[in-house]
Structures are given as structure tokens and as C-alpha cells.
Amino acid sequence: MAPSATHHAPDGRKNGDIYRDYIDDRNASSTETLYTTSNGVPMPHPYETQRVGENGPLLLQDFHLIDLISHFDRERIPERVVHAKGGGAHGYYKTTDPLDDICLADIFQPGRECPITVRFSTVGGESGSHDCARDPRGFSVKFRTAEGNWDVVANNTPVFFLRDPAKFPHFIHTQKRHPATHLTHADDSTMFWDYLSQNPESIHQVMILFGDRGIPDGWRKMHGYFGHTIKLVNKKGDWVYAQMHMKSKQGSDFITQQDSANYSPDYAMKDLFFAIEKGEYPGWDVCFQTMTGKEAEELWEKEKINIFDLTHVWPQKQFPLRKVGEFYLNENIKNYFAEIEQIGFNPSHAPPGIEPSADPVLQSRLFSYPDAHRHRIGVNYQQLPVNSSQTPYRIGNFQRDGNMAFYNQGSRPAYLSSIEPMSFRQRSVDLDKTHGHFIGEAVTFLSEIRPEDFKAPRTLWEKVFDDGAKERFVNNVSGHMQTCTKEEIIKRQIAIFREVSDDLATRLEKATGVKGYDGIANLRFNGTHNGFAKDESLKGANGGPPPKVNGEGIANTNGAPRAGTHKGQ
């Protein structure tokens with residue numbers, strides 16, 4: 001609403017020239033401001049309360065005090081259930097090696113640039129946890145493209161602990177404080193190892209987590225991996241599967257468990273902030289691995305690598321990295337709450353040409369992330385400046401009202417009107433062609449632990465870890481297990497390590513003083529069908545054999561691309 005009269009403001013500007021602007025407010029110093037209440041009324045001083053006489057009760061009419069206290073009581077939003085501890089910075093992305101032959105997204109066309117914000121984090125701990133915890137690191141990037149925001153919600157490891165999304169809440173609960181003692185797994189690791197010993201598909205991530213890369217030397221010296229398989233679609237409508245990697249230009253380095261106690265709890269945050277302050281702008285190369293649908297089927301049939309499985313990786317010799325661009329962080333945040341705590345990343349935010357695959361954990365995240373933001377920040381969280389898109393067109397989407405609706409789309413019709421029609425972009429992706437190759441019945445899927453789940457972990461132990469790395473790994477695991485109060489859990493976990501390497505299991509037995517089981521063939525798992533079991537009663541996660549689909553064992557594909565479903569790819 002325009003002002004009804006003109007008068008001079010305290011700083012000499014006319015009323016018609018004054019308005020609240022996010023960028024202006026963000027960059028203003030305290031000397032450029034005037035102390036006011038929430039509704040903009042100037043106050044002589046913040047340390048004032050109205051009371052009856054010199055020693056009487058306070059007055060309810062004192063809006064300044066009520067305004068101050070009531071806002072103070074509400075000035076925190078819930079911390080993230082996962083990735084609560086983190087920080088980040090702003091920067092820019094630029095395409096250096098166009099990907100336009102396999103992807104029509106504008107961001108991958110020649111010469112494209114866009115602003116970005118990156119948030120780094122730990123996964124399991126609360127907001128006050130240590131930056132040097134032995135924990136995966138979140139690596140989320142908000143690309144503000146000309147076609148809307150593209151959010152990449154990645155980690156610093158290429159795999160994760162699970163491939164079944166229904167396990168995620170249960171897994172995260174085991175990473176939190178014990179419900180009775182309220183201790184973290186630094187003092188009581190029983191829940192931590194209990195979950196892992198019941199879900200052997202986690203072994204690949206466990207090998208990485210307790211290896212040297214489990215504590216990266218700050219955020220600048222770590223790579224980022226989306227981990228999930230996505231689809232890239234070109235202008236012809238052809239698509240390929242893809243995995244995204246962000247490779248640190250600073251290289252990668254780590255902190256040992258022994259040295260980690262010598263670092264500040266906010267070490268990674270401090271390291272990033274002051275590097276940018278000094279003009280040492282960290283950068284990353286953005287790269288992709290790609291394969292056709294047919295190649296995905298063959299990879300499963302020949303090598304038992306499931307591209308929809310978050311615990312598997314694509315062999316880089318077979319599917320080499322292709323660089324498309326790079327990004328740099330060159331601007332520190334001005335306000336942590338506004339630019340980091342309120343930022344919301346969502347893997348279902350993707351411009352045309354970037355589509356999800358059938359990866360079940362990704363499919364679950366497409367729902368859970370925006371749902372979490374609407375709860376934690378508010379239904380209109382995408383209207384906040386740090387989350388708002390920067391497009392060359394005005395947005396019309398009929399999403400109106402609700403808390404904090406800053407851009408409520410004026411007096412425009414709140415429906416699709418023929419009197420005042422809006423514009424539509426010409427369709428660029430044929431979704432029937434991109435996603436139309438899935439036909440089947442509803443399946444209650446619980447995956448099976450199979451020999452191929454141990455191939456990559458075995459390679460890490462036998463061919464990647466040198467003698468020093470092996471010794472540190474055993475010390476890291478056995479040291480963490482010292483606070484596990486149930487010997488049965490350690491015996492089961494050593495049995496899982498024995499499927500990786502008998503040498504590894506033997507070393508852990510010596511370090512822990514616990515004799516583990518010979519292997520997992522005689523174990524039943526609460527969360528996974530046991531493909532190693534000879535006894536039918538041990539194969540199923542809840543007793544009995546795994547279920548069949550159309551008379552065929554579910555474990556024949558374990559959720560991988562089924563032969564013949566990608567014709568023409």
C-alpha cells in the first residue's frame with residue numbers, strides 16, 4: 001500500500017523512499033539503523049520497562065517489553081532431525097564443459113553461470129556436536145538456475161548405511177542419545193553397533209566411516225557425492241542414468257581419531273569462514289558418471305552392481321567421470337540463522353532435464369525433505385530470501401496464504417483463469433518416455449544381503465588400505481566398541497567383518513578380546529533377508545524364506561534394473 005502522506009524520516013529520507021529490503025537490511029551496519037519495536041515504532045532505549053512506581057509491578061500495557069520477551073520465547077525453530085550441525089557459504093557455479101548432448105537443463109549449456117549456496121554438516125549429532133566427530137558429512141548445494149532452483153543433497157561418502165528407505169528413521173534413532181541414559185554413542189555405543197550388526201548392507205559405509213576418511217580435515221578438503229542415481233534427459237528425449245560427484249580442488253585430507261581431540265568443536269566452520277575472509281576461495285569440480293539403461297541391466301547381470309542401491313558404487317574405470325563445470329565459495333554469510341539455519345534443500349527441486357531414478361531411498365527423500373521443511377520452517381519456506389529462486393520470469397503457482405506468505409501473488413486469480421490467462425512453457429521432457437518403462441504389481445520389498453555386498457568393502461581392505469590405514473581402522477572400530485555393553489552385538493559385527501576379510505575379523509577379535517562368529521550363514525537379521533543362510537528358517541528377516549514375486553525370488557534382482565525393461569536404451 002502506498003503511503004498516504006509524505007514526511008521526513010529520522011535519516012532525512014522521505015517516507016516514499018523508505019521500504020524494507022532484504023539486501024539493504026543484510027548489508028547495513030548498526031550505525032545505519034534506528035532502534036524500534038517489531039512494528040517499526042522508534043524507542044528511546046532497549047533497557048526500559050514500565051512499572052507502577054519505583055518498586056511496583058510491571059504494566060501489561062508495556063508493549064515494548066511484551067514484544068521483546070514474547071519474541072525471545074519463540075526465536076528458535078526446531079533443529080534438523082538429521083544434519084543439525086552445519087555451516088556454509090555463498091558462491092557461484094559455471095559450466096566449463098557443456099553437457100548439452102545428454103542433458104537439456106539450461107545450467108549445463110555453454111557459458112552458463114548461477115549463484116549458489118552450500119551447506120556442510122555432520123549427520124547424526126545435534127546442533128552443538130563436534131565438527132570432528134566420526135560421522136558422514138552432509139554436502140548440500142543450492143544452484144539458483146534460470147529455470148528454478150536445483151538442490152543437490154549430497155554427502156562426503158559415495159554410499160550410505162542402507163538401501164531401504166523404511167530403515168532410515170530407525171537408523172537415525174540409533175545415532176542419537178540413548179532414551180534412558182541420554183548418552184551419545186561416544187559413551188554408550190550399544191545402539192550404534194546393534195543396528196549395524198542387524199543390517200549387514202551397511203558394511204560398505206562402515207568401512208569408509210571408520211577408515212581414514214571418516215574424519216575429513218575440514219569441509220574444504222572433502223569431496224561430495226550425490227550417491228543416488230538420477231536421469232539426465234536431452235533435447236531428443238533420450239535419457240541416461242547418472243551419478244554426480246563434486247571433487248575438491250583443494251584435494252582431500254583427514255584427521256586421525258587420536259588427533260581429533262586437539263581440534264576445536266567448530267574447527268570446520270572456522271576453517272571455511274576464515275579461508276574465505278582471506279580470499280582463499282575453495283572450489284570443486286562438478287562431474288558425472290553416466291550409463292544407459294541397457295548398461296545398467298548388464299551391470300547387474302554380469303557384476304551384480306545395482307545402480308538403484310545406495311550401498312553400491314559405479315566402477316570408475318568402466319564409467320569414467322566427465323566434468324561439466326565447477327563452483328567456488330567466495331562470500332561468507334552475514335547472518336547464520338537467515339542464511340544457514342533457514343535454508344532448505346530438497347532433492348525433488350530439479351529443472352527440466354534432470355529427473356529421479358527408481359532408487360528407493362531417493363524416491364523417499366523426494367517426499368520427506370520438503371515435508372520436513374514445511375514443518376520445521378513453515379509452509380512458505382521457499383519464499384524466504386535464502387530459499388527463493390532467481391528466475392527471469394514472474395512465478396505463478398496458486399500457492400497462497402499460510403504462515404509467512406511474503407509473495408502472495410497480488411490480486412491475480414487464485415485459479416486457472418480464461419479471463420486473465422497465465423503463460424506456459426512449452427513441454428521439453430516427455431515423462432512417458434523418461435519414466436514409462438516400469439510395469440508391475442505392488443511389492444512389499446525387504447532386501448537380501450548377498451555376496452556382492454562385500455565386494456567393494458573387501459577391495460577397500462585388501463587393495464586400498466595400506467598397513468597403516470588397516471591398523472588405524474582396527475583401532476578406530478575396537479576403540480568405539482569399548483562402550484558397547486552387549487558382547488553378542490560385537491560377536492555379530494565381527495561375523496559381518498569376517499565376510500569382508502578373515503584377516504580383518506581376526507585383528508578385531510584380538511583388539512576387542514571377543515571371539516566373533518565364523519560368518520553370517522547361521523545368523524538371522526531383523527532388517528534384511530540372509531542370502532548366505534543354508535537353513536530356510538534363517539533366510540527370512542522374520543522367519544521363513546524371503547517372499548516371491550510372480551513365483552520368482554525377490555532376491556534375484558534385489559531391486560536392480562530387470563533385464564528387458566530398458567529396450568532401446
Side-chain angles (χ1 to χ4, degrees), residues 102-103 105 150-155 158-168 201 204 225-234 237-244 288-314 319 346-370 429-448 450 452-453 528-529 546-547 549-550 552-569:
I102 59 173
C103 186
W150 175 37
D151 290 351
V152 176
V153 189
N155 281 337
V159 296
F160 199 60
F161 297 92
L162 48 85
R163 54 182 169 235
D164 299 318
K167 292 186 177 184
F168 186 75
E201 69 271 29
H204 194 179
Y225 306 89
F226 192 22
H228 297 295
T229 295
I230 58 175
K231 291 179 177 179
L232 302 179
V233 188
N234 67 13
D238 299 324
W239 59 268
V240 293
Y241 288 123
Q243 283 263 352
M244 183 179 177
F288 283 95
Q289 291 176 282
T290 63
M291 72 170 75
T292 65
K294 185 65 175 176
E295 287 174 322
E297 294 174 1
E298 293 174 351
L299 192 64
W300 170 255
E301 295 296 329
K302 296 178 181 179
E303 302 181 47
K304 299 305 178 187
I305 294 177
N306 181 355
I307 68 160
F308 298 152
D309 186 339
L310 191 52
T311 70
H312 286 193
V313 294
W314 300 8
F319 303 97
N346 174 4
S348 51
H349 288 169
I354 302 173
E355 293 288 326
S357 76
D359 177 336
V361 180
L362 173 59
Q363 290 280 322
S364 179
R365 294 176 88 191
L366 298 179
F367 163 77
S368 66
Y369 272 67
V429 177
D430 183 351
L431 295 180
D432 290 342
K433 183 176 181 180
T434 304
H435 300 296
H437 50 282
F438 296 105
I439 299 175
E441 300 175 354
V443 175
T444 302
F445 178 72
L446 197 65
S447 65
E448 182 178 80
R450 300 165 54 108
E452 58 265 18
D453 291 312
T528 283
H529 301 309
V549 178
N550 295 326
E552 188 176 358
I554 186 70
N556 286 346
T557 63
N558 224 21
R562 187 179 291 271
T565 59
H566 294 90
K567 295 179 180 179
Q569 285 290 312

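Every heavy atom of this structure was used, including side-chain atoms; hydrogens, water molecules and symmetry mates were not. Values in this document were obtained by computation on a predicted structure and should not be read as measured data. Numbers here are sequence positions counted from 1.
- Within the 4.5 Å cutoff, side-chain heavy atoms of Leu446 are placed close to those of His529.
- Atom CG of residue Leu310 and atom CZ of residue Arg365 lie 7.5 Å apart, to the nearest 0.5 angstrom.
- A donor-acceptor pair is defined here as one N or O able to donate and one able to accept, closer than 3.5 Å; such a pair exists between the side chain of His312 and the backbone of Asn306.
- Across all their heavy atoms, Pro356 and Gln363 have their closest contact at CB-NE2, 4.2 Å.
- Gln243 and Thr229 form a side-chain donor-acceptor contact under 3.5 Å, judged by distance and modelled atom types alone.
- Taking the side chain to side chain contact (heavy atoms under 4.5 Å, CB included) definition, one finds that Asn234 meets it with Lys236, Asp238, sequence neighbours left out.
- When the salt bridge (charged side-chain N to carboxylate O under 4.0 Å, His left out) test is applied to Asp453, the partners found at least two apart in sequence or on another chain are Arg163.
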Assess the residue pair Val361 and Phe160 against the criterion (side-chain contact (heavy atoms from CB on, under 4.5 Å)); give the C-alpha distance rounded to whole Å, side-chain angles, the decisive distance to 0.1 Å, and a yes or no.
CA-CA 10 Å; Val361 180; Phe160 199 60; 5.9 Å; no

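- Shown here for Gly353 and Val429, the closest heavy-atom pair between the two residues is N-CG2, 3.7 Å.
- Nearest approach of Pro165 to Ser364, heavy atoms of both residues: CB-CB, 3.3 Å.
- Remark: side-chain polar atoms of His204 are paired, donor with acceptor, to backbone N or O of Thr311 under 3.5 angstrom.
- Of the inter-residue distances, the one linking Glu303 atom CD with Glu298 atom CD reads 10.0 Å to the nearest 0.5 angstrom.
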Quick one: do Glu355 and Trp239 satisfy side-chain contact (heavy atoms from CB on, under 4.5 Å)? Show the steps, please.
CA-CA 9 Å; Glu355 293 288 326; Trp239 59 268; over 6 Å; no

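- Looking at His228 and Ser357, their side chains never come closer than 4.5 Å, going by heavy atoms from C-beta outward.
- With hydrogens and angles left out, the side-chain atoms of Asn346 and Ser348 include a donor and acceptor closer than 3.5 Å.
- Counting only heavy atoms from C-beta outward, the side chains of Phe168 and Leu162 approach each other to under 4.5 Å.
- A donor atom on one side chain and an acceptor atom on the other are found under 3.5 Å apart for Asp164 and Ser447.
- A distance of 14.0 Å separates CE in Met244 from OG1 in Thr290, rounded to the nearest 0.5 Å.
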Working note: Phe226 + Leu362, criterion side-chain contact (heavy atoms from CB on, under 4.5 Å); need CA distance, chi angles, decisive distance, verdict.
CA-CA 10 Å; Phe226 192 22; Leu362 173 59; 4.3 Å; yes

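- The side-chain tip of Lys302 does not point at the ring of Trp300 from less than 6.0 angstrom away and within 45° of straight on.
- Residue Ile307 comes nearest to Ala296 through the heavy atom pair CD1-CB, 3.5 Å, listed as atom of the first residue, atom of the second, then distance.
- Counting only distance, with no hydrogens or angles, the side chain of Asn558 and the backbone of Glu448 share a donor-acceptor pair below 3.5 Å.
- Ring centroid separation for the pair Phe308 and Tyr241 comes in under the 6.0 Å cut-off.
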Would Leu299 and Phe319 count as a side-chain contact (heavy atoms from CB on, under 4.5 Å) here? Give the steps.
CA-CA 11 Å; Leu299 192 64; Phe319 303 97; 4.0 Å; yes

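- Residues Leu232 and Phe288 form a side-chain contact, since some pair of their non-hydrogen atoms from C-beta on lies under 4.5 Å apart.
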